[in-house]
Amino acid sequence: MCRRLIESGAFAIDGVVHDNPRESLDARGLTFTLDGDLWEYREHVYLLLNKPEGYECSTSPTHHEGVHSLLPLPLAVRGVQPAGRLDHDTTGMLLLSDDGAFLHAMMSPRRHVPKRYVARTKHPVTEAMLQALRDGVLLRDETEPVAATDVTQASSHEIALTITQGKYHQVKRMVAAAGNRVEGLVRTAIGGLPMGDLAMGEWRYLTPEELLLLPYEAPASGK
Ligand code: URA
């Protein structure tokens, strides 16, 4: 818990304010209020956020607000990090956690965690473009072609595709290399977990069942 928050008198257990940050408390099963809002102690948090346009995933954002500003203070101050980045103009599914092992598992290039996107294109979708994405396209500064899987056409100017790498601007660069241009990008699933219903800009905790759909083995007590 953030020292300044505790010192400000915002932290209370059963209505009793605890404002000494050095006080040691048994965290197991602890519920507390922060500025009157009820919270339950969790060793780690695993969050799903529907990222809106115009937010940066960086912890030190430079040109736009950071995604942390969409989280309540008690979560923002406990050091949650996005599990991979979305561009400021990409919307959709973002996972955040303060569990380093989880973040590593989600982001490690060796794990090839699938990420599904829907891309709106400037020009009409063509069969040649879909095939190029399936076959693999060579991106600038790369030596090997990169291919997408489950590439489907969603409408005249929309495709869905899955990638298993996390290269910089990967979908936009792949679509450009296939002769089109991305004008809007939404991430709709990570691993076996779909975004589901969550309003833009909203967050929620992942359930233990949802965590099982991700390639991560959490320690029993951490879920
Ligand atoms: N690919 C991109 O081009 N941008 C993103 O934000 C994610 C994947």
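Each ligand, and each atom within it, is numbered from 1 in the order the structure gives.
Closest heavy-atom approach to atom 3 (O) of ligand 1 among the candidates K115, H169, H88: H169.
Annotation: atom 1 (N) of ligand 1 to nearest protein heavy atom, V171 N, 3.0 Å.
Ring geometry, F11 versus H18: the interplanar angle exceeds 60°, so the pair is classed perpendicular (tilted spans 30 to 60°). Note on ring orientation: taking the six-membered ring where Trp is involved, the planes of F102 and Y46 are perpendicular (angle over 60°, cut-offs 30° and 60°).
The N/O atoms of Y117, backbone and side chain alike, include none that comes under 3.5 Å of an N/O atom in ligand 1.
Contact record, V125 with E158: CG2-N, 3.6 Å, taken as the closest heavy-atom pair.
Ligand 1 places these atoms under 4.0 Å from at least one heavy atom of T90: 4 (N), 5 (C), 6 (O).
Using a 4.0 Å cut-off between heavy atoms, I163 makes no contact with ligand 1 at all. The parts of D87 lying near ligand 1 are both backbone and side chain, judged by heavy-atom distances below 4.0 Å.
For the pair K172 and D89, the salt-bridge criterion is met [side-chain N within less than 4.0 Å of a carboxylate O].
Counting heavy atoms from C-beta outward, C57 and K51 have side chains that approach closer than 4.5 Å.
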